[in-house]
Amino acid sequence: MLPAWRDGYYRARIESVRVFTKQSVELLLVPEKGWPTHKSGQHLALTLNINGRLVTRVFTIASSAEQLEAQNTLRLLIRTQDKGALTAHLSKLTRGEWVNISKPQGTFLLPRTEQPVVMLAGGSGITPFIAMLHSIPKGDTRPITLLYYAKKNAHWLNTELAQLQVSLPGFEYRLLERDKDGDAVKALSPYTGKKWLVCGPEGLHKQVAQLAEQTNTPLASEHFSATPRVDLSTERAEFTVTYNGKQFMIDNQHTLLAHLKAKQQEVNAGCGMGICHQCKCVKKRGVVRDTRTGELSDNTEQLIQLCVSQVVSDVELVK
Ligand code: FES
């Protein structure tokens with residue numbers, strides 16, 4: 001059955017679902033006509049209707065625009081979790097079913113420069129890099145090194161990486177395990193001064209960002225996390241939030257979404273990181289801060305996203 005039309009979303013048909021390694025699913029999707037073609041490294045929000053509830057999560061597209069053009073498919077490689085609100089349902093999807101996807105988003109792209117690039121991937125953070133590598137024409141000699149961390153025997157796409165090393169003479173890769181090979185600082189140290197791209201868990205990003213700053217190395221990174229991207233105010237303060245007529249005291253250290261969920265209020269939410277817009281809510285009055293940019297709202301009525309908003313004054317909200 002076709003999913004309902006949703007503002008800002010597109011439909012995509014499931015072409016195949018494959019469990020490609022333990023706890024990991026490959027989805028091939030055929031997007032509807034008019035879906036704006038992505039650039040390798042971008043992500044999208046995927047929405048499933050699970051028992052009547054729309055659940056959204058964000059995933060990097062693990063295939064290139066060239067694959068979309070040639071085969072009309074998009075590939076998602078997703079680590080599943082037994083209790084994941086969305087990922088636990090992926091392996092039950094079947095060919096021909098429809099889902100919603102957002103337009104492609106994100107600025108984590110392969111630099112145009114011919115300078116040497118070092119890609120550092122942690123776990124499922126390999127996905128933007130595999131899309132980028134597939135977007136490079138065969139025979140291209142630009143120097144690219146991939147350092148890929150995963151647990152023992154848990155590296156994805158080994159065969160594909162070996163094939164890419166043959167078709168791209170400038171490409172080399174190393175499969176690393178933290179216990180055996182040491183941490184990212186050790187792996188990256190020989191490559192200071194080159195352009196670094198990083199995708200993986202939060203801890204990896206922090207470590208690499210620190211090293212990049214110390215060594216004056218250019219760094220671009222991508223990570224999906226509900227963690228605000230600007231520092232929270234260290235000075236804790238409390239404010240009154242009125243939500244659908246009910247009043248609560250909340251502090252300025254967490255997002256409005258986190259507070260309302262903790263107060264067991266009915267809220268719509270999906271990605272938790274400002275992408276899907278499911279948590280949109282009308283702010284009647286009060287000032288909030290966008291946790292991604294640090295920008296303050298004005299005091300008037302406007303639509304805000306609860307998952308990326310923190311209070312800076314008393315606020316009144318209506319769902
Ligand atoms: S939950 Fe997706 S934008 Fe807020």
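Both counts, for ligands and for their atoms, begin at 1 and track the order of listing. Atom set for the values below is all heavy atoms of this structure, side chains included, hydrogens, waters and symmetry mates excluded. Small disclaimer: the values here were computed from a predicted structure and weren't measured.
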request  = Please step through side-chain contact (heavy atoms from CB on, under 4.5 Å) for the pair L147 and Y173, ending with a clear verdict.
outcome  = CA-CA 6 Å; L147 306 172; Y173 69 100; over 6 Å; no
ask   = For Q265 and K263, which heavy atoms make the closest approach, and how far apart are they?
value = NE2-O, 3.0 Å
ask   = With no hydrogens and no angle check, do the side chains of K280 and Q305 hold a donor and an acceptor under 3.5 Å apart?
value = no
query = Residues in salt bridge (Lys or Arg N to Asp or Glu O under 4.0 Å) with E172, at least two apart?
reply = none
Environment of atom 4 (Fe) of ligand 1 in terms of protein N/O/S atoms, cut-off under 2.8 Å = C279 SG, C307 SG
query = Is the backbone N or O of S221 less than 3.5 Å from a side-chain atom of H205, with the two atoms forming a donor-acceptor pair by type?
reply = no
key: Nearest heavy atoms of C307 and T255, plus distance in Å   = O-CG2, 3.2 Å
